[in-house]
Amino acid sequence: MYDSKKLAEEREKWLAHSAGWQERKEEFKSDAGIPLKSLYTPLDVQDIDYLGEIGFPGMPPYARGVYPSMYRGRLWTIRMFSGFGTPEETNERWKMLYQEGETGFSAAVDSLTFAGVDPDDPVDWLEVEVGKEGVPLYSIRGVEVMVDGLPIDKMSVALVVEPLTSTAVTSMYFNVARKRGISMDNLRGTTQNDILTMTIGYVPWRSLKPDDLLKLACDLIEFCTARGEAPKWNPINFTTYNYREGGIDAVQEIALGMANAVAHIEEMLSRGWKVDDFVFRFAFHLAAHRNFFEEVAKYRAARKLWYRLMKERYKPEDPLSYQFRFHVQTAGSSLTAQQPMVNIIRTAYQALEASLGGCQSLHTNSFDEAVCLPGEESVRLAVRTQQLLQEETGIADVIDPLGGSYYVEALTEELEHRIWEYFEKIESEGGIVEALKSGWLYREMGKAFERRRRAVESGEEAVIGVNRYVVEEEPHPPFRTNPRAAEIEVERLTKLRAERDNQKVEKLKDELRRVCEKRENVMPVLMELTREGASTGEVTNIYREMWGLWDVPIMA
Amino acid sequence: MEQKKIRVLLFKPGIDGHWRGIVTIAGALTEAGMEVIFAGFKSVEVIVDSAIDEDVDVIGYSVHSGAQHAWTCKLKQVLEEKGVRDSFLIIVGGAIPLVDHETLKKEGADGVFSPGTNTADVVSFIRENLPKSPIIAD
């Protein structure tokens with residue numbers, strides 16, 4: 001215990017004493033611009049009510065974690081985002097990762113799967129991107145091969161597809177699971193299904209309008225969760241990681257995630273559902289970035305803010321709806337092509353942030369990812385980075401070990417204020433969908449690009465190997481994807497189109513057109529349509545045909 | 001005498017949507033006094049036609065999909081078909097392995113920029129290497 005009056009006096013004395021000591025910089029700030037003191041003491045946290053604002057893990061306001069036992073009960077899931085070449089090669093990599101100790105799967109798809117275009121689409125030359133950025137999932141056959149021989153009845157699978165194609169690809173996966181005799185009641189996994197990933201994280205090619213993307217995202221939530229067709233499936237994963245990578249800060253990251261979730265809640269409520277019918281399955285996917293303590297505080301603040309948002313605005317009955325569950329990915333944008341081995345160290349610190357922050361699952365980047373997809377050696381090291389944290393360091397033995405740090409608690413509180421403020425700013429722009437349509441979000445991203453460029457080029461933001469400690473070096477040989485991938489995938493699709501019952505497929509495609517016109521839920525007909533062999537591109541082209549395209553206001 | 005501004009046409013070939021790099025470059029080149037036209041996603045054929053119509057000096061594109069070789073070869077092929085290869089300075093940036101620079105130069109890129117590039121280097125590269133036989137506008 002301490003006497004706060006006495007402590008304040010002593011602190012004044014210490015400040016006077018330290019004033020004569022020079023500091024390295026005129027001012028110290030966190031990455032999000034929060035001014036930092038040189039030292040935090042009990043005085044900085046004296047207004048924080050422990051029981052009301054920090055509390056216990058698994059209990060409101062969840063600052064210390066969403067589960068009562070956290071990692072003492074179960075360690076976070078080691079989930080490596082992975083996919084390339086063909087479904088066969090991806091399956092081989094997934095098997096290797098499984099053998100190396102990965103505990104969850106995550107499918108990185110290629111740009112065609114992401115955009116909902118088939119490799120035999122008449123648009124010129126798209127085949128050069130087949131299998132380059134991820135696994136091509138153009139039909140149920142590709143999905144089936146990807147998970148062949150893997151224990152998807154026991155291990156969860158994340159499908160990293162966004163609302164343009166999340167409904168089609170998820171329905172393919174559900175059909176594969178059914179075919180393998182796995183009960184939909186027990187099927188575990190996640191569809192990323194994040195409208196912001198495919199609008200501001202990554203600019204979509206021939207995209208639908210934001211309202212239509214939101215509709216599709218909510219169709220999946222409605223089908224899986226509200227209607228209970230896949231009760232253990234997370235139908236959405238608000239992936240703030242992907243916009244954080246553009247250079248926005250931790251405050252903007254979490255605020256965007258909350259505002260995005262609100263847009264989906266409102267859409268679901270307008271469809272007549274209650275919050276308790278679906279919010280308990282909402283999940284998030286956050287970044288682990290460069291500023292160590294700010295990132296740890298960010299995870300703690302995010303949990304508290306989600307609790308506050310639910311409590312103040314939606315008042316669900318189910319305690320699960322108040323729990324902010326999240327996956328973390330270490331920051332790809334922090335990696336350098338120069339001196340790539342340094343990336344191992346960056347990633348290790350970022351993984352430590354995520355685990356000290358109480359993540360539910362984690363992807364660690366491989367050291368070569370600034371320039372290519374990970375090779376075997378580098379991805380194995382990335383898995384080992386997590387295993388080392390879990391099994392050698394002892395950091396998983398005590399819950400929220402940084403809780404109670406004067407600094408971390410003060411930072412958590414300050415972040416909460418700032419995040420809520422930015423969240424309100426987004427709401428004053430009309431919410432996520434309006435802010436997309438007006439171009440406001442694109443301008444916010446553009447400002448972030450610019451700010452980061454200036455910071456790095458001026459040297460204000462240190463990037464080892466780029467703006468300091470530069471050396472002459474032999475470039476690391478990059479991992480290359482299969483050059484024959486396009487040929488293989490076109491052949492797979494041609495064969496499927498020849499073998500399927502095309503009359504039935506055409507009839508179901510007409511049914512999908514009718515459903516789109518009436519704006520009914522697309523999932524029931526997709527479950528039939530993709531089972532019968534319709535491709536990702538065929539489904540997405542029907543959306544385009546029925547709803548029209550969006551002129552993305554990038555430079556507005 | 002007022003000097004003509006350097007004109008740059010930037011685009012994303014293919015459908016990969018990683019946009020931070022190309023928009024960052026657009027900002028930096030504008031700041032350096034160049035006139036930048038950002039065309040977004042475009043086919044190589046359309047880009048070459050616009051480059052001719054707009055009388056630009058530089059064509060730049062950004063690739064994060066790993067398809068940098070394919071797009072560079074394709075651009076060179078279309079430029080040669082139209083007989084305008086020497087009319088433009090061609091620059092490519094993105095998630096490009098450092099070992100690819102020489103190959104990409106053989107495939108048709110004049111300047112190749114990998115992650116970690118300072119935009120000032122792109123600016124000076126453009127200024128020092130402007131095309132020798134620009135298209136003369138009518």
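So that the names make sense, note that chain A is the first sequence line, chain B the second, and so on, each numbered from 1. Worth saying up front: this structure is predicted, and the values here are computed from it rather than measured.
Taking both residues in full, the closest heavy atoms of Trp205(A) and Phe41(B) are given as CD1-CG, 3.7 Å, listed atom of the first, atom of the second, then distance. Of all heavy-atom pairs spanning Lys132(A) and Ala67(B), the tightest one is CE-CA, 3.9 Å. Residues Pro115(B) and Ala337(A) approach most closely at O-CB, 4.1 Å, considering heavy atoms.
With a 4.5 angstrom heavy-atom cutoff, Thr24(B) touches chain A via backbone and side-chain atoms both. For Thr119(B), the parts lying under 4.5 angstrom from a heavy atom of chain A are both the backbone and the side chain. With a 4.5 angstrom heavy-atom cutoff, Ser333(A) touches chain B only via side-chain atoms. For Glu450(A), the part lying under 4.5 angstrom from a heavy atom of chain B is the side chain only. Interface remark: Val463(A) contributes no atoms to any contact with chain B (heavy atom separation under 4.5 Å). Interface residue Ile96(B): only backbone heavy atoms are found under 4.5 Å from chain A. Heavy atoms of Ser114(B) lying under 4.5 Å from chain A are absent altogether. Of the two parts of Arg454(A), only the side chain, counted from C-beta on, holds a non-hydrogen atom closer than 4.5 Å to a non-hydrogen atom of chain B. Heavy-atom distances place no part of Glu474(A) under 4.5 Å from chain B, backbone and side chain included. For chain B, no part of Leu373(A) is nearby; none of its heavy atoms comes within less than 4.5 Å.
When Val203(A), Val466(A), Val117(A) are compared by the number of non-hydrogen pairs under 4.5 Å with chain B, Val203(A) comes out ahead. Options Gly94(B), Ala120(B), Ala70(B), Ser65(B) differ in how many heavy-atom pairs under 4.5 Å they form with chain A, and the most are formed by Ser65(B). The candidate with the highest count of non-hydrogen atom pairs below 4.5 Å against chain A, out of Gly40(B), Ser43(B), Ala28(B), is Ala28(B). Interface check for chain A: of the options His69(B), His18(B), Glu45(B), the most heavy-atom pairs under 4.5 Å are formed by His18(B).
Between Asp16(B) and Tyr202(A) there is a side-chain heavy-atom pair separated by less than 4.5 Å. Counting only heavy atoms from C-beta outward, the side chains of Pro475(A) and His101(B) never approach each other to under 4.5 Å. Side-chain contact check for Val99(B) versus Pro477(A): every heavy-atom pair is 4.5 Å or farther apart.
Ring geometry for Phe449(A) versus Trp19(B): interplanar angle over 60°, hence perpendicular rather than tilted (30 to 60°).
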Problem set entry | Leu126(A) and Ile15(B): CA distance, side-chain angles, deciding distance, side-chain contact (heavy atoms from CB on, under 4.5 Å) verdict | CA-CA 7 Å; Leu126(A) 294 186; Ile15(B) 56 176; 3.7 Å; yes

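Atoms CZ and CZ, on Arg20(B) and Arg453(A) in that order, are 11.0 Å from each other to the nearest 0.5 Å.
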